[in-house]
**Student:** 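This is the structure I want to talk about, given as structure tokens.
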Amino acid sequence: MTGKLKAPKGTHDLFPSDSEKFAAVEATARRVFGAHGYGEIRTPTFESTELFARSVGETTDIVHKEMYTFPDRKGRSLTLRPENTAGVVRALVEKGIQDIPKPIRLWYAGSQFRYEQPQAGRYREFRQIGVELLGVASAAGDAEVLAMLFAFLGALGLTDVAATINCIPRGDARAAFSKALQEHVRPHADRLGADDRKRLDENPLRLFDSKDPETRRFLEGAPATLEFLDAASRAHHEELKNLLGKLGVRFTESAGIVRGIDYYTLTVFEVTSDRLGAQNAILGGGRYDDLVAELGGPPTPAVGFAIGEDRLVDAMTADVREPRTLFAVIPDGPEDFPYALGVAQEIRALLPEVIVESDLLGRGVGKGLSRAGQLAREPGRHAHRIARVQAVLLGSQEREKESVTLKDLTTGAQDTFPRRQLAERLAGRER
Ligand code: HAM
């Protein structure tokens with residue numbers, strides 16, 4: 001049996017024209033986050049299943065129905081990471097977080113896995129770019145992370161977005177909020193589906209994640225998070241709003257944001273984009289002051305976010321790839337290949353920023369030139385962002401005379417000169 005092989009449902013291949021965009025976004029992340037003192041962390045793609053149950057939470061959709069969980073050959077239960085915060089905290093606790101100087105500033109980029117119903121912008125393997133700041137309890141930490149996030153979005157040309165923020169009560173206040181929520185929904189308990197009834201009993205905050213329209217209706221007029229904050233939490237929230245205003249971070253407040261993960265305490269936030277369809281959340285994040293202790297470390301406050309990189313790239317209109325000049329080196333026939341490969345090597349050495357591509361099909365200068373001309377007219381066909389195309393024509397004449405014919409396909413100007421003059425002739429053609 002030979003069936004047609006296909007990528008698994010919910011995954012997608014990134015060919016060069018896409019992956020170059022992802023790489024440019026990741027390079028921008030490295031530059032912007034690096035400028036704030038954040039260093040990259042890479043944690044394993046799979047972790048023990050228990051890690052996610054204990055951090056993301058048993059009653060969340062992620063743990064309850066979206067994880068790729070499997071036993072390894074020794075019967076250990078492993079899970080492909082559905083998110084990266086738990087892995088980062090596990091890594092820090094394992095390394096000895098108490099001995100690492102604070103604040104700890106980390107960022108990451110990588111694949112995450114959730115068994116969700118695929119649709120535009122929602123995949124089973126997707127990529128996240130995330131940031132975690134550990135060791136800062138004050139609202140200045142939340143503000144740094146949010147301001148850095150907007151510096152990053154701004155560098156990608158996404159200037160028309162705003163954050164929606166909320167504050168989730170913690171400790172006794174959270175218990176009081178959960179109880180009030182239970183009392184509000186309890187009269188409708190027999191109309192709830194099995195999952196939502198379990199949420200009502202075990203973790204009423206998770207009712208806000210329900211996609212059941214009836215449950216959503218029962219939540220209308222439900223108690224609001226902000227009304228349950230204790231004095232210290234309220235002060236934290238006010239301080240954050242004040243700082244965001246001073247730093248020029250655009251935000252609105254909404255009691256409806258509770259986020260679908262259990263580890264959040266106090267600040268939570270999301271950013272959505274009108275340029276995306278139903279799956280319009282570009283990113284989400286918040287504070288998780290109890291997670292390090294819950295995973296066996298010393299109490300350590302923390303705050304962070306993760307951006308859905310696939311959605312981010314979809315929402316971007318600016319091209320963040322560096323514009324580059326393409327030198328199309330065109331040998332006339334196979335007998336010119338050695339000369340052409342040598343000239344190509346020399347141009348790369350002289351102009352490290354440019355792309356030098358040799359046409360190695362031996363199809364003649366005419367055909368090679370017409371393919372180069374097509375790229376000059378439609379640069380979008382190339383994986384890289386092509387600013388201009390220069391053809392380097394190398395036939396028997398050039399080979400015998402050790403010369404080079406250079407044709408600028410943008411202006412049409414053509415010139416033949418000795419190869420030893422390459423350096424001076426190419427000077428200034430970098431861009
Ligand atoms: P999250 O809200 O579960 O948070 O995911 C963050 C972002 O990942 C979402 O806003 C969305 O853009 C993207 N995303 C989630 N699921 C999918 C999917 N199936 N397909 C495509 N994109 C998706 C977290 O993961 C937290 N770890 C964020 C965080 C970091 N909180 C504190 N630190």
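Start at 1 and go down the list; that is how both ligands and their atoms are numbered. Atoms considered below: every heavy atom in the structure, side chains included; atoms not considered: hydrogens, waters and symmetry mates. Since we're looking at a predicted model, the values are computed, not measured.
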**Student:** Where's the contact between R114 and ligand 1, heavy-atom distance under 4.0 Å: side chain, backbone, both or neither?
**Tutor:** side chain
**Student:** Among E294, E83, R54, R287, find the one that has a side-chain hydrogen bond (donor to acceptor under 3.5 Å, both in side chains) with Y263.
**Tutor:** E83
**Student:** Is K179 reaching over with its side chain to a backbone N or O of R174, donor-acceptor style, under 3.5 angstrom?
**Tutor:**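 Checked: no pair found.
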**Student:** To the nearest 0.1 Å, how far is atom 31 (N) of ligand 1 from its closest protein heavy atom, and which atom is that?
**Tutor:**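 The closest one turns out to be Y264 OH, 2.7 Å.
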**Student:** Check ligand 1 against A306 and write out every atom of the ligand that is under 4.0 Å from a heavy-atom position of the residue.
**Tutor:**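 Those of ligand 1 that fall under 4.0 Å from A306 are 6 (C), 7 (C), 28 (C), 29 (C), 30 (C).
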**Student:** Is it the side chain (CB and beyond), the backbone, both or neither of I282 that lies under 4.0 Å from ligand 1, heavy atoms counted?
**Tutor:**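 For I282, the contact with ligand 1 is made by the backbone alone.
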**Student:** Could you tell me which atoms of ligand 1, counted from 1 in the order shown, lie closer than 4.0 angstrom to a heavy atom of I261?
**Tutor:**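 Answer, ordered by atom number: 3 (O), 4 (O), 24 (C), 26 (C).
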**Student:** Decide whether an N or O pair under 3.5 Å exists between E116 and ligand 1.
**Tutor:** yes
**Student:** Is there a polar contact, in the sense of an N or O pair closer than 3.5 Å, between T85 and ligand 1?
**Tutor:**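 Yes: some nitrogen or oxygen of T85 is under 3.5 Å from one in ligand 1.
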**Student:** Would you please say whether a donor-acceptor pair under 3.5 Å links the side chains of H12 and D18?
**Tutor:** no
**Student:** May I ask you to check if R42 and Y108 form a cation-pi contact, with NZ or CZ under 6.0 angstrom from the six-membered ring centre and within 45° of the axis?
**Tutor:**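 Cation-pi check for R42 and Y108: fails.
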**Student:** Is it true that E47 and R90 have a side-chain N and a carboxylate O under 4.0 angstrom from each other?
**Tutor:**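 Salt bridge flag = yes for R90 with E47.
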**Student:** Does ligand 1 have an atom that lies less than 4.0 angstrom from a heavy atom of G285?
**Tutor:** yes
**Student:** Salt bridge check, R217 against E220: does any charged N sit closer than 4.0 Å to a carboxylate O?
**Tutor:**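 Not counted as a salt bridge, because no side-chain N and carboxylate O are separated by less than 4.0 Å.
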**Student:** Pick, from F269, F126, Y288, the option with the minimum heavy-atom distance to atom 18 (C) of ligand 1.
**Tutor:** F126
**Student:** Under a 4.0 angstrom heavy-atom cut-off, which atoms of ligand 1 come close to G308?
**Tutor:** 7 (C), 8 (O), 12 (O), 13 (C)
**Student:** Tell me the nearest of E83, Q128, R124 to atom 5 (O) of ligand 1, using heavy-atom distances.
**Tutor:** Q128
**Student:** Between I257 and F269, is a side chain to side chain contact (heavy atoms under 4.5 Å, CB included) present by the stated rule, with each step listed?
**Tutor:** CA-CA 7 Å; I257 306 252; F269 54 89; over 6 Å; no
**Student:** So if I count the atoms of ligand 1 from 1 in the order they appear, which ones are less than 4.0 Å from some heavy atom of G304?
**Tutor:**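 What qualifies from ligand 1 is 30 (C), 31 (N), 32 (C), 33 (N).
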**Student:** Do any N/O atoms on A281 end up under 3.5 angstrom from N/O atoms on ligand 1?
**Tutor:**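 Yes.
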**Student:** Among S55, P118, G121, which residue places a heavy atom closest to atom 21 (C) of ligand 1?
**Tutor:**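 Ranked by closest heavy atom to atom 21 (C) of ligand 1, first place is G121.
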**Student:** How far is atom 20 (N) of ligand 1 from its nearest protein heavy atom, and which residue and atom is that?
**Tutor:**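 Protein heavy atom with the smallest distance to atom 20 (N) of ligand 1: Y123 N, 3.0 Å.
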**Student:** Taking the six-membered ring for Trp, are F177 and F208 parallel (under 30°), tilted (30 to 60°) or perpendicular (over 60°)?
**Tutor:**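 Geometry flag for F208 against F177: parallel rings.
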**Student:** Given R259, E309, Q112, identify the one with the heavy atom nearest to atom 1 (P) of ligand 1.
**Tutor:**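 It is R259 whose heavy atom sits nearest to atom 1 (P) of ligand 1.
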**Student:** Do E183 and R186 meet the salt-bridge criterion of a basic N to acidic O distance under 4.0 Å?
**Tutor:**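 Answer for the salt bridge query: no.
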**Student:** Of all the heavy-atom pairs spanning T43 and A91, show the shortest one and how long it is.
**Tutor:**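 Of all heavy-atom pairs spanning T43 and A91, the closest is CG2-CB, 4.3 Å.
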**Student:** So, D262 versus T60: side-chain donor-acceptor pair below 3.5 Å or not?
**Tutor:** no
**Student:** Give me the ring orientation class for H188 and F218: parallel if the planes are under 30° apart, tilted from 30 to 60°, perpendicular past 60°.
**Tutor:** parallel
**Student:** Considering the heavy atoms of E132, write down every atom of ligand 1 situated less than 4.0 Å from one of them.
**Tutor:**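 What qualifies from ligand 1 is 30 (C), 32 (C), 33 (N).
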**Student:** Run the contact test for D310 against ligand 1 with a 4.0 Å cut-off on heavy atoms, strictly below, and give the result.
**Tutor:** no
**Student:** Distance to 0.1 Å, residue and atom name: give those for the protein heavy atom nearest to atom 26 (C) of ligand 1.
**Tutor:**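 That would be Y263 OH, 3.4 Å.
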